Amino acid sequence: MAEDYLKGLNSPQREAVCHIEGPLLVLAGAGSGKTKVITHRIAHIVAIRAARADQILGVTFTNKAAGEMKDRVIKILGLAGRHVRLSTFHSFCASVLRQHAEAVGYKRDFTIYDEADSLALIKRVIRELKTPEGQPSPGTAQNKISHAKDKLFDPGKFADTAADFIEENIARIYKEYQAQLNRNNAFDFDDLLFSMVTMLENNPQLKEYYQNKFPFILVDEYQDTNFAQYMLVKYLSGPRKNVCVVGDDDQSIYGWRGADINNILNFEHDFPGCKVIALEQNYRSTATVLEAAHKVVSKNLKRKSKKLFTVRQGGENISLMLCGDDRDEAAAVTAKIKFGLSQDKTPADFVVLYRTNAQSRSLEDALRDAGIPYVIVGGTRFYDRKEIKDVIAYLRLLINPDDTDSLLRIINIPKRGLGDVSIEKLLKIAARHGISAFEMMNKPEEADLKGKPALELKKLYGILNGLSTEIPKIRPDEIAVRLIEQIGYLKMLDLENTPEADVRADNVRELVSGIIAYMERIDEESEGEEKPTLAGFLENVALITDIDTWNDKEKSVTLMTVHAAKGLEFDTVFVTGLEDGLFPLIRESTDQKDMEEERRLCYVAITRAKNKLCLSMAGFRRRYNNSYNTEPSQFLFDIPENLLDIERFNFYSEFFYGPTLPPPKSYDLDFRRKTGDRRLSDKEPNAPEQFGQTVDDLLKVGLTVSHHKFGVGKIIAREGKGEDMILTIRFGGGTKKVIVRYAALEVLG
DNA sequence: TTCCGAAGGTTTTTT
DNA sequence: ACCTTCGGAA
């Protein structure tokens with residue numbers, strides 16, 4: 001019975017599971033049973049009594065992955081599996097820091113700022129420091145500071161390495177930002193790792209404590225770790241080095257967030273004597289899909305050479321859908337899904353992937369019009385909505401009154417007649433007295449505030465102070481309900497009397513349901529051992545993402561970015577927007593290293609498919625305000641032609657492709673950078689002939705064409721030209737006049 | 001001093 | 001198309 005879990009493993013998998021002592025690197029290709037190895041290895045360690053369940057730490061990047069692993073471990077080990085510590089890097093650090101907050105100069109009830117919170121603070125710091133106009137932009141500063149923290153550079157060290165004037169300014173911003181975060185008793189995402197690592201560094205006994213607490217460590221998606229995470233793994237694994245890292249260098253797609261692919265490439269060097277096991281049998285995809293994926297990724301120079309294999313020979317050909325514009329593309333995807341649904345597939349079998357969130361719009365419209373149920377993962381999170389952030393800011397203040405930036409967010413929402421001038425006074429005097437802005441609110445006279453502003457400040461202080469004393473006595477959801485009532489948030493929305501405000505009000509009510517759902521989940525998971533708290537809810541909100549709450553039992557088509565899809569699999573996968581400049585996404589700063597990452601991203605996208613892969617591109621794409629003619633993605637040319645079925649779709653636009661893929665162009669990154677060419681194409685818009693033929697050339701009288709509604713017919717007359725051309729077509733059911741612009745015509749010959 | 005409407009810059013991917 | 005910022009009115 002104890003060895004049951006070893007059955008159903010192939011031999012490298014079993015070898016990995018049974019390796020107990022010493023460092024282990026598992027190079028797990030896409031769909032090779034990576035999660036299985038991790039979960040079974042945990043079970044094995046416990047089963048042979050090498051360690052207790054609570055002595056094993058498994059870290060992942062998403063809560064979803066952590067949760068799934070936990071479920072699977074529990075399935076093998078039974079309830080003992082509950083004590084395995086499986087969490088994300090960030091939430092693991094957050095929970096350790098809560099216990100030792102004072103060791104890093106924080107209080108236990110610290111707030112975790114998300115990216116938007118952090119950006120707001122950086123903007124304020126820039127305003128206060130009066131750095132020269134637009135030097136640097138808040139976004140650049142945030143990015144640089146984040147990367148500095150990834151590399152464990154504190155403000156001092158960053159200042160030392162500042163190469164130019166702008167970086168010197170960023171160093172000043174970084175220093176002040178950090179001081180303000182500390183004063184707010186708040187961490188940003190990067191701080192969670194940074195502070196954790198520096199804490200272990202500065203407290204050898206604490207480091208030893210955690211080394212002994214977790215003699216076995218497993219790291220998932222190791223290719224996505226940054227330097228701080230690498231150091232954390234190193235410290236935690238200690239002299240024992242019972243560390244098992246699992247990853248795939250071909251799936252390293254978070255370089256832009258500081259992930260260092262060298263962590264996995266150099267693991268053998270960093271942990272001498274480590275065992276290396278490669279999992280190369282793929283259990284997910286057809287040979288066709290794997291072949292295409294391999295052809296795309298193997299062009300990269302910086303990778304460990306390997307090739308996945310499968311026993312599933314052949315497989316359905318890959319559809320390459322050449323579409324006129326983005327609407328056509330969305331319609332083509334929808335049509336394919338419709339067809340699949342009419343066969344034996346269900347909505348949950350499909351995923352539509354794209355490089356950028358902005359692309360979801362047209363896809364969404366088409367699916368909605370077709371009445372196909374869909375869910376969008378990512379984009380604007382529920383908790384990113386303005387009204388939700390407002391209420392969250394209030395709740396944070398109840399827990400952590402030092403959080404001045406949350407206070408600033410809501411101090412005049414709803415309108416209390418507190419403008420910039422009053423707020424400025426409050427902040428200034430509070431700083432002079434060395435107390436928080438929140439405390440200062442209770443004595444506005446000392447801040448030279450009188451009349452309505454003074455009254456309002458006192459009133460708000462009273463509400464928040466009153467509620468915070470109730471926190472230990474009242475359920476978290478009830479606190480939120482009372483808060484919303486007392487500040488009059490719903491009343492404010494009601495007065496707006498617009499449909500948007502109604503939606504916002506619903507969202508606020510939904511937030512309360514969210515708190516209740518959280519409470520139920522904690523009760524369930526800990527079986528009543530852990531008490532759900534408001535503070536716990538807020539931490540959860542900060543660290544949860546959309547993908548964490550997505551589940552595949554959903555009876556809907558899923559729309560998401562390629563990044564979000566990592567680790568998932570679907571029967572049918574659409575990879576959309578395969579156009580030069582969009583996927584691969586090319587910007588001014590794009591270099592060879594980034595191109596390799598784009599290639600890996602494409603590899604990740606393709607390998608999500610179990611049975612059917614559909615690739616698509618549009619010849620004409622609307623982006624931001626502009627529209628562009630596009631070139632096909634270079635990745636398309638890496639896929640052997642015999643694996644592709646090329647189809648053309650023109651439901652709306654005037655673009656027509658020839659029967660084959662338009663020929664590749666030269667992709668000279670250096671040239672683009674030198675010339676500052678950031679356009680998706682070097683052609684003028686509205687030049688459809690670049691794609692073979694113009695409408696006028698193509699749609700000659702006598703041609704046989706296919707219409708999505710009327711079927712196959714013959715052109716018997718035409719009037720006008722271009723996209724406005726009106727064709728008279730004799731179909732089986734009779735003669736119709738159609739406008740080219742609106743008709744879904746495919747030329748059959 | 002605050003509030004409201006118009007202009008302007010802005011988006012790659014995310015824990 | 002969206003949110004922040006700026007300028008003028010109450």
Side-chain angles (χ1 to χ4, degrees), chain A residues 59-66 87-94 112-116 118-120 123-124 127 133-134 137-140 142-143 146 149-150 187-194 220-221 224-226 228-229 252-259 353-361 377-381 384-386 389 412 414-425 449-453 456 500 539-548 560-566 577 581-590 594 597-598 600-602 604-605 622-626:
Chain A
V59 276
T60 65
F61 277 86
T62 67
N63 295 290
K64 183 171 189 290
S87 63
T88 64
F89 272 104
H90 294 266
S91 59
F92 175 69
C93 291
I112 299 170
Y113 279 3
D114 67 21
E115 211 131 297
S118 134
L119 189 65
K123 281 181 182 167
R124 187 158 69 85
R127 267 200 305 278
E133 195 69 21
S137 76
T140 308
Q142 184 180 38
N143 223 338
S146 171
K149 289 181 179 179
D150 287 345
F187 287 113
D188 66 18
F189 286 146
D190 304 308
D191 283 339
L192 293 173
L193 279 148
F194 184 100
D220 187 22
E221 309 278 16
D224 286 331
T225 50
N226 60 31
Q229 287 156 339
S252 167
I253 55 174
Y254 285 99
W256 51 275
R257 211 172 67 192
L353 303 180
Y354 34 78
R355 179 64 241 267
T356 65
N357 277 308
Q359 289 164 252
S360 70
R361 193 53 154 279
V377 177
T380 332
R381 278 162 62 212
D384 288 339
R385 288 162 207 236
K386 184 189 174 307
K389 293 219 79 163
N412 201 31
K415 297 249 150 60
R416 299 188 171 93
L418 295 165
D420 295 344
V421 178
S422 306
I423 293 166
E424 205 52 50
K425 276 185 189 167
L449 291 159
K450 345 179 199 357
K452 187 170 192 275
E456 288 288 346
E500 292 87 353
E539 176 166 325
N540 181 62
V541 166
L543 295 177
I544 208 109
T545 66
D546 218 13
I547 189 72
D548 295 328
M560 60 172 102
T561 63
V562 181
H563 283 90
K566 196 174 67 162
L582 182 61
F583 195 1
L585 190 70
I586 296 173
R587 313 162 74 212
E588 262 167 303
S589 57
T590 304
D594 299 326
E597 183 152 316
E598 293 292 321
R600 292 193 292 270
L601 201 50
C602 186
V604 167
R622 278 164 271 269
R623 265 227 285 183
Y624 314 135
N625 292 328
N626 295 324

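Below, chains carry the letters A, B, ... as their sequence lines are ordered, and counting in each starts from 1. All figures in this text were calculated on a predicted structure; none of them were measured in a lab.
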Problem set entry | Touch class at under 4.0 angstrom, heavy-atom based, for A:Asn63 against every strand present | nothing
Exercise. What is the distance from CD of A:Glu456 to P of B:dT1, rounded to the nearest Å?
Worked result: 17 Å
Seminar exercise, completed: Separation between NZ (A:Lys123) and CD (A:Gln142), nearest 0.5 Å, reads 9.0 Å
Problem set entry | Nearest-Å distance for atom pair CG/C1', residues A:Asn412 and B:dC4 | 13 Å
Problem set entry | Touch class at under 4.0 angstrom, heavy-atom based, for A:Lys386 against every strand present | nothing
For this session: Using atom CZ of A:Arg124 as one end and atom P of C:dT5 as the other, report the distance to the nearest whole Å.
Result: 14 Å
Problem set entry | Distance below 4.0 Å between A:Asn226 side-chain N/O and B:dT15 OP1 or OP2 | no
Problem set entry | Integer-rounded Å distance: B:dT12 P and A:Leu585 CG | 7 Å
Exercise. Starting at CG of A:Asn540 and ending at P of B:dT15, how long is that distance when rounded to a whole Å?
Worked result: 13 Å
For this session: Just compare C:dT5, C:dA1, B:dT15 and give me whichever is closest to any side-chain atom of A:Thr62.
Result: B:dT15
Exercise. Closest to the A:Arg257 side chain: B:dT13, B:dT14, B:dC3?
Worked result: B:dT14
Problem set entry | Proximity to the side chain of A:Arg355 - top-ranked nucleotide from B:dT15, B:dC3, B:dT13 | B:dT13
Problem set entry | Whole-Å gap separating P (B:dT11) and CD (A:Glu115) | 12 Å
Problem set entry | Shortest side-chain distance from A:Arg127, nucleotide among B:dT14, B:dT12, C:dT5 | C:dT5
Problem set entry | Pairwise 5' ranking along DNA chain B for A:Glu597 and A:Val421, keeping only the more 5' one | A:Val421
Exercise. Which part of the nucleic acid does A:Leu418 contact within heavy-atom distance under 4.0 Å: base, sugar-phosphate only, or nothing?
Worked result: sugar-phosphate
Problem set entry | Length of the line joining A:Asn357:CG and B:dT14:C1', which is rounded to integer Å | 10 Å
Exercise. At under 4.0 Å between heavy atoms, what does A:Asp420 touch on the DNA or RNA strands: base, sugar-phosphate, or nothing?
Worked result: sugar-phosphate
For this session: Just compare C:dT4, B:dT12, B:dT14 and give me whichever is closest to any side-chain atom of A:Lys123.
Result: C:dT4
Exercise. Sub-3.5 Å donor-acceptor pair from the side chain of A:Asp188 to the main-chain atoms of A:Asp114, do we have one?
Worked result: no
Exercise. Will you find, in the side chains of A:Thr356 and A:Gln359, an N or O donor that is under 3.5 Å from an N or O acceptor?
Worked result: yes
For this session: State whether the side chain of A:Arg355 and the backbone N or O of A:Leu582 hold a donor-acceptor pair below 3.5 Å, judged by distance alone.
Result: no
For this session: Report the relative orientation of the aromatic rings in A:Phe189 and A:His90; use parallel for angles under 30°, tilted for 30 to 60°, perpendicular for over 60°.
Result: perpendicular
For this session: Test for a donor-acceptor pair under 3.5 Å between the base of B:dT13 and the side chain of A:Trp256, counting only N and O atoms.
Result: yes
Problem set entry | Atom pair CD (A:Gln229) and CG (A:Asp224), whose distance is rounded to the nearest 0.5 Å | 8.5 Å
For this session: Could you work out which one of B:dT13, B:dT15, B:dT1 sits closest to the side chain of A:Ser422?
Result: B:dT1
For this session: Could you state the atom-to-atom distance from CG of A:Leu119 to C1' of C:dT4 in whole Å?
Result: 11 Å
Problem set entry | Any A:Thr561 side-chain nitrogen or oxygen under 4.0 Å from OP1 or OP2 of B:dT14 | yes
